[in-house]
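Just below is one structure, and these are the notes that go with it.
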Amino acid sequence: MNQTLHIAIIMDGNGRWAEKQGQKRVKGHEQGAKVVRTITEFCAAHKNIERLTLYAFSTENWKRPRLEVEFLMKLLEKYLKNEMEVYIKNNIRFEPIGDIRAFSTSLQKLIKEVKQKTEHCDGLVQSLALNYGSHDEILRAINTLKNEKNDITDEMLSNALDCKHQVDIMIRTGGDHRISNFLLWQLSYAELFFTDTLWPDFNEEELKKILNDFTKRERRFGGLN
Ligand code: IPE
Ligand code: IPE
Ligand code: MG
């Protein structure tokens, strides 16, 4: 198998998971955060996996009720504070993507701190997509390049994006078959996997199955095999 797999996951279905059990939507987010840890640790232990990019909060998620957004911000803060040790212990480098300038100053500081404290880790790279939207990412990249005298190349645009790496495996949980503004540039030749499992129920077994199915797919990248 490829030694440098990049897996990206749209972690969807937290709210429905909670509602199904008669609980508030936020309970699903809490449970979902635990699954982030399990899946991250599994990927860190899997030597073929180089990157794991997880969609945690989109540029469109601000449209949700204020209380849910506030809960998600607090949960992110709690998660990052708790995970610092887990990152270091598992040699995981944390590289957030998205425009974090929209977050509170204290949350921005914490995000930068975790990034800086794990900079030396050379195992799995875990990227949380935070206030991330592909349109926003591409526009920010174009704006940094707009004064270039020469034509912009594929490589120049790739390097100006928050996420500079093409995705191999894209998984969406929660039953919907859409991309929801996630990594549009980086997904160009990704193998797509959609599962009805709601994110809080996703587990290592299901990920193992997807990894196994991936090895059976024939990736042609436009050529002939
Ligand atoms: C994904 O779960 C988490 C975030 C978008 C923050 P949802 O909150 O979208 O859960 P559903 O899709 O409504 O069930
Ligand atoms: C995508 O889920 C965003 C995250 C998982 C963070 P959404 O629940 O926001 O997507 P839509 O609205 O169903 O497309
Ligand atoms: Mg959703």
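Counting starts at 1 for both ligands and their atoms, following the listed order.
- No side-chain donor from either of Ser134 and Trp185 sits under 3.5 Å from a side-chain acceptor of the other.
- Contact annotation for Phe57 and ligand 2: only backbone heavy atoms (N, CA, C, O) come within less than 4.0 Å of the ligand.
- For the side-chain hydrogen bond (donor to acceptor under 3.5 Å, both in side chains) with Gln186, the lone residue among Glu137, His6, Gln166 that qualifies is Glu137.
- Counting atoms of ligand 1 from 1 in the listed order, those under 4.0 Å from a heavy atom of Ala56 are 6 (C).
- Using a 4.0 angstrom heavy-atom cutoff, Arg25 counts as in contact with ligand 1.
- A donor-acceptor pair under 3.5 Å is absent between the side-chain atoms of Asn225 and the main chain of Arg220, judged by distance alone.
- On a distance-only criterion, Arg64 and ligand 2 share at least one N/O pair closer than 3.5 Å.
- Taking only nitrogen or oxygen atoms, main chain and side chain alike, Trp17 does not reach within less than 3.5 Å of ligand 1.
- Using modelled atom types, one finds no donor on one side chain facing an acceptor on the other under 3.5 Å when comparing Glu30 with Gln23.
- Thr118 places a side-chain N or O within donor-acceptor distance of the main-chain N or O of Phe94, the cut-off being under 3.5 Å.
- Side-chain contact check for Glu113 versus Leu80: every heavy-atom pair is 4.5 Å or farther apart.
- The pair Lys81-Glu77 counts as a salt bridge, with a side-chain nitrogen and a carboxylate oxygen less than 4.0 angstrom apart.
- Under 4.0 Å from ligand 2, the heavy atoms of Arg172 that appear belong solely to its side chain.
- The protein atom (non-hydrogen) at minimum distance from atom 11 (P) of ligand 1 is Arg16 NE, 3.5 Å.
- Taking 2.8 Å as the threshold, Asp176 does not count as a candidate ligand of the Mg ion (ligand 3), since none of its N, O or S atoms lies below it.
- Close to ligand 1: Gly13, with a non-hydrogen atom less than 4.0 angstrom away.
- Without hydrogens or angle criteria, Glu191 side chain to Phe214 main chain gives no donor-acceptor distance under 3.5 Å.
- Judged purely by distance below 3.5 Å, without hydrogens or angles, the side chains of Tyr87 and Gln126 pair a donor atom with an acceptor atom.
- Applying the 4.0 Å criterion to heavy atoms of Met11 picks out, from ligand 1, the atoms 1 (C), 2 (O), 3 (C).
- With respect to the Mg ion (ligand 3), Asp12 has OD1 as its nearest N, O or S atom.
- At least one N or O atom of Ser180 sits closer than 3.5 Å to an N or O atom of ligand 2.
- Scanning all protein heavy atoms for the shortest distance to atom 9 (O) of ligand 2 gives Asn61 ND2, 3.0 Å.
- Taking atom 13 (O) of ligand 2 as the reference point, the nearest protein heavy-atom neighbour is Arg178 NH2, 2.7 Å.
- When Leu75, Val69, Asn14 are ranked by how near their heavy atoms come to atom 3 (C) of ligand 1, first place goes to Asn14.
- Ring geometry for His46 against Phe42 counts as tilted: the plane angle lies between 30° and 60°, on a 0 to 90° scale.
- In terms of protein heavy atoms, atom 10 (O) of ligand 1 is closest to Gly15 N, 2.9 Å.
- Among all protein heavy atoms, the one lying closest to atom 1 (C) of ligand 2 is Ile10 CG2, 3.9 Å.
- A salt bridge is defined here as a Lys NZ or Arg NE, NH1 or NH2 lying under 4.0 Å from an Asp or Glu carboxylate O, and Arg217 with Asp213 fails to meet this definition.
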